[in-house]
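Order of listing sets the numbers, starting from 1, for every ligand and every atom in it.
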Amino acid sequence: MAMAYLPWRLAQRWCPSSLQVTSFPAVQLHMNRTAMRASQKDFENAVNQVKLLKKDPGNEVKLKLYALYKQATEGPCNMPKPGIFDLINKAKWDAWNALGSLPKEAARQNYVDLVSSLSPSLESSSQVEPGTDRKSTGFETLVVTSEDGITKIMFNRPTKKNAINTEMYHEIMHALKAASKDDSIITVLTGNGDYYSSGNDLTNFTDIPPGGVEEKAKNNAVLLREFVDCFIDFPKPLIAVVNGPAVGISVTLLGLFDAVYACDRATFHTPFSHLGQSPEGCSSYTFPKIMSPAKATEMLIFGKKLTAGEACAQGLVTEVFPDSTFQKEVWTRLKAFAKLPPNAVRISKEVIRKREREKLHAVNAEECSVLQGRWLSDECTNAVVNFLSRKSKL
Ligand SMILES: CCCCCCCCCCC/C=C/C(=O)SCCNC(=O)CCNC(=O)[C@H](O)C(C)(C)COP(=O)(O)OP(=O)(O)OC[C@H]1O[C@@H](n2cnc3c(N)ncnc32)[C@H](O)[C@@H]1OP(=O)(O)O
């Protein structure tokens with residue numbers, strides 16, 4: 001406990017051989033780049049790099065570095081457990097012991113990965129400009145940034161109302177997997193421009209592979225299931241900052257978020273029947289639980305569009321803010337959340353989610369299987385053709 005608030009200089013003193021750190025449970029820390037193996041030289045460079053860090057990475061990270069260093073150099077924790085009043089050494093022992101039997105090679109790699117994420121010069125795929133937040137590169141459809149303990153994943157196809165094309169599905173999965181392993185405390189999804197997201201990009205239906213529509217529908221059912229699984233299994237608090245209207249899958253997924261903040265301009269619309277489709281994102285299970293079966297029916301079957309205020313009254317939205325102050329108010333709040341003790345936050349999320357995880361996976365599998373059939377129906381085909389030929393809009 002006291003550890004978490006130790007000043008940087010003081011913390012350095014109790015870290016053996018300058019500053020070594022690392023990971024927590026193997027789940028959290030495991031390799032970013034599984035195919036790669038850090039050499040002894042990479043590891044030594046990373047150890048030296050840590051000494052050059054200009055900014056205090058925080059005690060949580062330092063503990064991780066300590067544990068990974070010990071694991072990489074000495075193997076599994078071999079020290080007697082310190083007494084409960086020896087707070088600092090106990091925290092270090094806990095961090096090291098939590099790595100269990102993680103192989104030295106994996107610990108070395110995790111150490112190098114962690115240092116890379118703190119130090120721009122070691123990581124070619126992440127760009128850190130002095131004085132600004134860390135901004136990911138390599139995404140075509142998203143802007144991903146990490147700052148103040150918050151990883152922000154922003155849909156970035158504003159001219160298409162942030163419709164989710166196949167590339168974006170893949171990039172969101174990639175960004176979520178990276179966020180689950182980075183040092184942020186919470187992860188936020190939001191949209192660039194006037195929409196949060198207009199849901200599935202309807203042009204996803206037009207590119208038919210040589211195997212025909214059946215094969216396309218099958219592949220997309222697999223993709224969708226994998227995509228929704230990433231939300232079910234996400235280990236940190238996931239927060240939606242709904243900056244404007246939301247449609248389809250961008251609405252249904254909200255039932256898997258831990259908090260949803262919306263501006264008063266936002267609307268929530270799931271016109272599945274109009275599109276000849278059926279609910280996904282586990283909404284056939286989460287929505288009736290959140291808002292009562294009858295209210296869920298109005299949305300998911302009859303396509304009733306809710307205002308932000310209505311969605312809040314029905315429990316889908318946590319709180320609504322005036323558009324004029326939305327960003328300022330919400331981000332102030334999120335920054336305060338991100339200062340909470342990381343382990344407590346993560347553990348609480350796990351306690352809440354674990355009761356439902358198995359059920360959610362089963363619901364997801366079933367919804368995707370039903371949708372696979374729907375995508376091959378005339379009702380769905382006609383709706384998509386109508387939209388693409390501009391005969392209909394929501
Ligand atoms: C064989 C099987 C393949 C299946 C692949 C599926 C993979 C997983 C599927 C998961 C299931 C998900 C379901 C859903 O999300 S259902 C909801 C789908 N969304 C919609 O139906 C919304 C359609 N869009 C609209 O009705 C309007 O665009 C909207 C009301 C959102 C905004 O209207 P407005 O007049 O303000 O703006 P424009 O229409 O001019 O839009 C600007 C440009 O953006 C394009 N746009 C917007 N939304 C979409 C979209 N969802 N898909 C594709 N394109 C979209 C629009 O066409 C405009 O483009 P242009 O400027 O180029 O004309």
| said: Holding to side chain to side chain contact (heavy atoms under 4.5 Å, CB included), I want the full list of residues that pass it with N156, two or more places apart in sequence or in another chain. | reply: V143, P158, N192
| After noting the C-alpha distance and the side-chain angles of E105 and Q109, does the key distance pass the side chain to side chain donor-acceptor pair (under 3.5 Å) rule? | CA-CA 6 Å; E105 192 191 32; Q109 176 71 56; over 6 Å; no
| query | Sub-3.5 Å donor-acceptor pair from the side chain of R353 to the main-chain atoms of I232, do we have one? | reply | yes
Does ligand 1 have any N/O pairs with the protein under 3.5 Å, and how far apart?
unit_1, atom_1, unit_2, atom_2, d
ligand 1, 15 (O), N200, N, 2.8
ligand 1, 15 (O), I249, N, 3.0
ligand 1, 19 (N), S198, O, 2.9
ligand 1, 26 (O), L394, N, 3.1
ligand 1, 35 (O), K393, NZ, 2.8
ligand 1, 39 (O), K393, NZ, 3.0
ligand 1, 44 (O), T159, O, 3.4
ligand 1, 48 (N), S198, OG, 2.8
ligand 1, 51 (N), S198, O, 3.3
ligand 1, 51 (N), S198, OG, 3.4
ligand 1, 51 (N), N200, O, 2.9
ligand 1, 52 (N), L202, N, 2.8
ligand 1, 57 (O), R390, NH2, 2.7
ligand 1, 59 (O), K160, NZ, 3.4
ligand 1, 62 (O), K160, NZ, 2.5
ligand 1, 63 (O), R390, NH2, 2.9

| note | The side chain to side chain donor-acceptor pair (under 3.5 Å) partner of K236 among T151, D258, T187, D182 is D182
| Are W375 and V213 connected, step by step, through hydrophobic side chains (Ile, Leu, Val, Met, Phe, Trp, Tyr) whose heavy atoms are closer than 4.5 Å? | no
| query | So, E140 and R157, do they make that salt bridge, N to O below 4.0 Å? | reply | no
